[in-house]
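Notes follow the structure.
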Amino acid sequence: MQYRTLGSEKLRVSAVGLGCRNLSDRYGRDNDAAAIAVFHRAIDLGVTLMDTADMYATGDNEELLALALKGKRDQVVLASKFGITRGVPDHEGRPVDGRPEYVRTACERSLKRLKVETIDLYYVHRVDPAVLIEDTVGAMVELKNEGKIRYIGLSEAGADTLRRANAVHPITALQSEYSLWTRDYEKDQIPACRELGIGFVAYYPMGQGFLSGTMTQLNDLAPEDRRRRLPRFTDENISSNIQLLEALGAVAEDKGCTLSQLALAWILAQGDHFIPIPGTSSLNHLEENVAAADVELTEDDLARINEIIPPDGAVAGDRLPGSRLSELNI
């Protein structure tokens, strides 16, 4: 496994991390052993960055990781997030909360669920439009000074918000959706990260599974699959998007890798401060994802990929419905 450094405070992490949400979303608490086996295998393969959040399965994901961390804590860079208040009591009408008093409450709850004394990388999951980012980050600095967190991150934050936050305290990483078919952040946020020396952690690096190449038609998704509600997976858009996969598949074949590995290698090729965190509950997929760190893309490869999916188009449909896009600080 390769390793990279995030932020001016130099947090060292594996080049490919593990998004842990799927471990509880799929298994629930009926098969802890299978989920923990994936977590432990990731460690064996050299993965250090493990990512969760307090709202994943309403805290259940953090409790699951507490079991997986037993005897392994010193091998893991543990990341969690706060701010999305879905399922949190007394938060009706307040979908996100960045108030300083809630920052502390959320952190204490996560520490208790995770059964750890410190969270290595703590993110603002969504920026609260009703609270100054300076106040939210200021509260996180207090937690850092107390040893409850080590590094500070933001998720889905705009370039101006990043600059304001970084003026309060160095921001180690911005975590946002980024993949070959979601390149919105190349306009403002990624240049700001380069300017400020902030790492970029990419969630949904395979386009919510689309870039794995397993879909050939809309009916490949189960009727209850939540992706059916996303614009890119609708009847009018899915066919043209699948054609993009065929062209990318030819590049992957020439490189001797899978389509999933090509998608992850493309993110890694964007710079030394880029880290994808694919989520999986499959041991086979985990090993495939980790091996993407060994796929080297040349300038010619990147140019070829860019012709297939350029930054400003080619993908049909927005990544989220308009109402959800409006919730993001971008």
Side-chain angles (χ1 to χ4, degrees), residues 1-4 6 13-23 25 38 42 45-53 56 77 79 81 121 123 125 153-156 173-186 189-190 193 198-215 226-227 230 232-233 241 244-245 248-249 251-252 255 257-282 284-297 301-302 305-306 308-309 311 314-315 319-320 328 330:
M1 172 62 73
Q2 303 171 22
Y3 295 87
R4 296 185 168 191
L6 298 179
V13 297
S14 53
V16 177
L18 177 64
C20 296
R21 182 174 188 171
N22 287 359
L23 296 182
D25 277 2
V38 173
L45 293 169
V47 176
T48 61
L49 181 58
M50 306 297 192
D51 183 89
T52 183
Y56 293 165
V77 175
K81 300 179 282 292
L121 176 56
Y123 292 98
H125 205 165
L154 272 63
S155 178
E156 295 287 4
L174 172 67
Q175 182 180 138
S176 293
E177 182 175 356
Y178 185 57
S179 70
L180 273 169
W181 81 338
T182 300
R183 300 180 63 175
D184 318 50
Y185 298 99
E186 293 178 4
Q189 285 90 339
I190 288 176
C193 285
I198 296 172
F200 194 99
V201 176
Y203 75 85
Y204 290 161
M206 289 183 285
Q208 300 202 52
F210 183 77
L211 293 169
S212 67
T214 56
M215 285 189 62
R226 59 183 175 79
R227 288 175 291 180
L230 302 179
R232 291 182 177 174
F233 290 90
N241 288 334
L244 299 174
L245 290 184
L248 289 173
V251 180
K255 297 299 296 183
C257 66
T258 66
L259 192 50
S260 296
Q261 290 171 335
L262 183 75
L264 295 173
W266 178 85
I267 291 175
L268 291 168
Q270 302 310 302
D272 290 340
H273 63 292
F274 282 77
I275 306 290
I277 50 168
T280 184
S281 55
S282 161
N284 289 338
H285 290 164
L286 169 69
E287 295 181 359
E288 178 183 350
N289 294 341
V290 170
D294 297 322
V295 177
E296 295 185 10
L297 299 180
D301 294 329
L302 294 172
I305 292 169
N306 213 46
I308 298 169
I309 305 185
V315 178
R319 64 181 172 107
L320 292 170
L328 303 182
I330 57 175

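Only heavy atoms go into these numbers, but all of them, side chains included; no hydrogens, no water, no symmetry mates. Along the sequence shown, residues are numbered consecutively beginning with 1.
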| query | Should Asp51 and Tyr56 count as side-chain neighbours, where that means a heavy-atom distance under 4.5 Å? | reply | yes

| query | Would you say the side chain of Thr182 lies within less than 4.5 Å of the side chain of Tyr204, judging by non-hydrogen atoms? | reply | no

| field | Gln189 side chain to Ser176 side chain, donor-acceptor N/O pair below 3.5 angstrom | value | no

| said: Is the shortest side-chain heavy-atom distance between Arg183 and Asn306 below 4.5 Å? | reply: yes

| field | Residues forming a side-chain contact (heavy atoms from CB on, under 4.5 Å) with Ala42, sequence neighbours excluded | value | Leu18, Val47, Met50, Leu286

| pair Val13-Val201: side-chain heavy atoms closer than 4.5 Å | no

| query | Going by atom types alone, do Glu186 and Tyr178 pair a side-chain donor with an acceptor below 3.5 Å? | reply | yes

| Listed partners of Arg4 passing salt bridge (charged side-chain N to carboxylate O under 4.0 Å, His left out), at least two apart | none

| Close side-chain approach of Leu245 to Phe210, heavy-atom, < 4.5 Å | yes

| query | Taking Ser212 for the side chain and Gly209 for the main chain, is one N or O donor matched with an acceptor at less than 3.5 Å? | reply | yes

| Within a reach of under 6.0 Å around NE2 of His273, are more than 12 heavy atoms found that belong to other residues, nucleotides or ligands? | yes

| Side-chain heavy atoms of Ile277 within contact of Gln175, under 4.5 Å | yes

| task | Check whether any side-chain heavy atom of Ile305 lies under 4.5 Å from a side-chain heavy atom of Leu297, and answer yes or no. | result | yes

| message | Can you confirm whether or not the ring centre of Phe274 sits under 6.0 Å from the ring centre of Trp266? | response | no

| field | Pairwise side-chain contact, Met1 with Leu45, heavy-atom cut-off 4.5 Å (strictly under) | value | no

